[in-house]
There are 2 protein chains.
Amino acid sequence: MVRKDFETYLSVEGVRIGERDVEMLRAIDRCGSMHRAAEDLGRSYAHLQRRVDEIMDAAGPITERERGGADGGGTALTDQALELVEQFRRLRGAFEGVAAVTESVFPGTVVERTGEVATVETEFGRVLAVVSDERGDVRISVRSDAVVLTLPADAPDREQTSLRNQFAGTVRDLQAGEAVVRLTVELDGGTELVALITRASRERMDLGPGDEVVASFKATAARGVGAVSDREN
Amino acid sequence: MVRKDFETYLSVEGVRIGERDVEMLRAIDRCGSMHRAAEDLGRSYAHLQRRVDEIMDAAGPITERERGGADGGGTALTDQALELVEQFRRLRGAFEGVAAVTESVFPGTVVERTGEVATVETEFGRVLAVVSDERGDVRISVRSDAVVLTLPADAPDREQTSLRNQFAGTVRDLQAGEAVVRLTVELDGGTELVALITRASRERMDLGPGDEVVASFKATAARGVGAVSDREN
DNA sequence: ACCCGTAGTATCAATGACGATACAACGGCG
DNA sequence: CGCCGTTGTATCGTCATTGATACTACGGGT
């Protein structure tokens, strides 16, 4: 089975700060010196030091270094460096979220567009989605953690919310995890849309197979990509 | 300024299929033979062929090849390969969405947790968020494309929807793009939450600075990461 | 029988990343 | 003054990736 995978980077001034760099910065922070950090990570001091300099050149004052003295000196990270590390971890966390989540995919046709947002005709109705530059036939993919379920009686007025895409359906499958429940909702035309909601939400709404629900998602949570084959023959 | 960056992969049987591989597959599809694909991409046939074999070993029948004949033979992609390419593009699209979107970050403290979902105490109230394994002080980051805005009069009943996190606030800043508007909402305690909604949504709801709104987001759209420094001293 | 463009394989060279090693400079302390 | 653990810098060897090159095998046309 294919697994979604990724690598995270923060690019600044042409330098890409990756996982390895962040581990390096954390080791320096932890150890208080680049020598001990290098030893701790099992890598050479020379290249570690050179890499820190490269990052400093691009990203600004990331370290404060002292040499000589009773303890021989040392290197400390600046707050700016810690902020960088934290930003990296937030970004990686967001990517992990994408990689961990299943998505629902269905075909459609772009019928209108304004900038990046397009109206796509599908089997179950019109969907607003982010479509970068394709036109014609596309496949829409909706992150299942972006799908909001509402009981039909309480469905918000379409005019009064930024939740543009709303579709009625019935709950089919239900897989309970430790904290999160994976619900499959069948829309018109038989299209299946997966929604990820917390266990507590499912219990409060008392959802189960056969129940009618309204599934909603924002236009910015739906993305369209075009057909793939450019075959010449 | 730092830019969010990433590389996308699909891993199958220990082989990581990346951007370069997908470009290779598309070139084969486009050109009809590996030789012409190699030339088209400006890379050597030998390694391209070897790489295709590696991917075939891992991912199954990706190509159908013929040699000899009037045209000398050629290589075609199977539907399975096209599906793989499309899956890659969908994944990359999802990552692009994450990288393009701004996020709102605010500090909080984990007060309770069930599996990956934690209740986090913040300046403006309790937030349900996905927190992998941290405890104590964390920073919550909310993707701004996951924030749903509703007019207070029409705010959905908390009990009847899977939108767990709801906070009242007032619109402060408003930056209009071509198709998408970036709204800053000030919550209790002065915390600022950024929401990305379509231009049409903003017009329909007639939102502007000073207006009261309810900002909502799902627990699965909020992620917490722990403090970064493990300093020993 | 030969030609041609393809698939398939083996081998060498260039490149880049990185560890290993060596050495100078620094500065408080005994 | 010399010791020590740092920060810096330069150089060399190793390894992995990949382009370059050369070769064989294939099979339908001419």
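Letters go in sequence order (proteins before strands), and every chain restarts at 1. Small disclaimer: the values here were computed from a predicted structure and weren't measured.
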Report task. Report yes or no: does B:Arg164 contribute a side-chain atom to a donor-acceptor pair with the main-chain N or O of B:Val127 at less than 3.5 Å? Result -> no
Query - Any B:Thr75 side-chain N or O less than 4.0 Å from OP1/OP2 of C:dT6 - result: no
Report summary line: Looking only at D:dA25, C:dA20, C:dA10, the nucleotide nearest the A:Ser44 side chain is C:dA20
Query raised in the report: Between D:dT17 and B:His47, is there an OP1 or OP2 to side-chain N/O distance shorter than 4.0 Å?
Result: no
Requested in this report: Respond yes when some side-chain nitrogen or oxygen of B:Gln49 is under 4.0 Å from OP1 or OP2 of C:dG8, and no when none is.
Outcome: yes
Requested in this report: Find which nucleotide of DNA chain D each of A:Ala70 and B:Ala46 is nearest to by heavy atoms, and output the residue with the more 5' nucleotide.
Outcome: A:Ala70
Query raised in the report: Should the pair B:Tyr45 and B:His35 be assigned to parallel (<30°), tilted (30 to 60°) or perpendicular (>60°) ring geometry?
Result: parallel
Query - Spacing between B:Leu48 atom CG and D:dT21 atom P, to the nearest angstrom - result: 17 Å
Query raised in the report: Under 4.0 angstrom, heavy atoms only, what part of the nucleic acid is A:Gly69 near: base, sugar-phosphate, or nothing?
Result: base
Query raised in the report: OP1 or OP2 of C:dC18 sitting under 4.0 Å from any side-chain N/O of A:Arg43?
Result: no
Query raised in the report: In whole angstroms, how far is the P atom of D:dG19 from the CZ atom of B:Arg51?
Result: 12 Å
Report task. Could you tell me the separation between the CZ atom of B:Arg67 and the C1' atom of D:dG29, rounded to a whole number of Å? Result -> 19 Å
Query - Residue met sooner reading DNA chain C from 5', once A:Arg50 and A:Gly68 are mapped to nucleotides - result: A:Arg50
Report task. In whole angstrom, give the distance that lies between atom NE2 of B:His35 and atom C1' of D:dC23. Result -> 12 Å
**Report entry** Distance in angstrom units between A:Asp53 CG and D:dA10 P, rounded
**Finding:** 11 Å
**Report entry** More than 12 heavy atoms of other groups within 6.0 Å of B:Glu66 CD
**Finding:** no
Query - Closest nucleotide among D:dG8, C:dA10, C:dG19 to the A:Arg20 side chain - result: C:dG19
Report summary line: A:Glu39 CD to C:dA20 P, in whole Å, measures 12 Å
Query raised in the report: D:dC26, D:dT6, D:dG8: which one has an atom nearest the side-chain heavy atoms of A:Tyr45?
Result: D:dG8
**Report entry** Spacing of A:Ile62 atom CD1 and A:Thr78 atom OG1 [to the nearest 0.5 Å]
**Finding:** 5.0 Å
**Report entry** Under 3.5 Å donor-acceptor, A:Ser162 side chain and B:Leu149 backbone
**Finding:** yes
Query raised in the report: Would you say B:Arg36 reaches C:dT6's phosphate, i.e. side-chain N/O to OP1/OP2 under 4.0 Å?
Result: yes
Query raised in the report: What nucleic acid atoms does A:Gly72 come within less than 4.0 Å of, heavy atoms only: base, sugar-phosphate, or nothing?
Result: base
Query - Closest nucleotide among D:dT6, D:dA20, C:dA7 to the B:Arg65 side chain - result: C:dA7
Query raised in the report: Please give, in whole Å, the distance from C:dC4 C1' to B:Glu66 CD?
Result: 16 Å
Query raised in the report: Are there more than 12 heavy atoms of other residues, nucleotides or ligands under 6.0 Å from atom CD of B:Glu7?
Result: yes
Query raised in the report: For the pair made of CD1 in B:Ile62 and C1' in C:dA7, what is the distance, rounded to whole Å?
Result: 18 Å
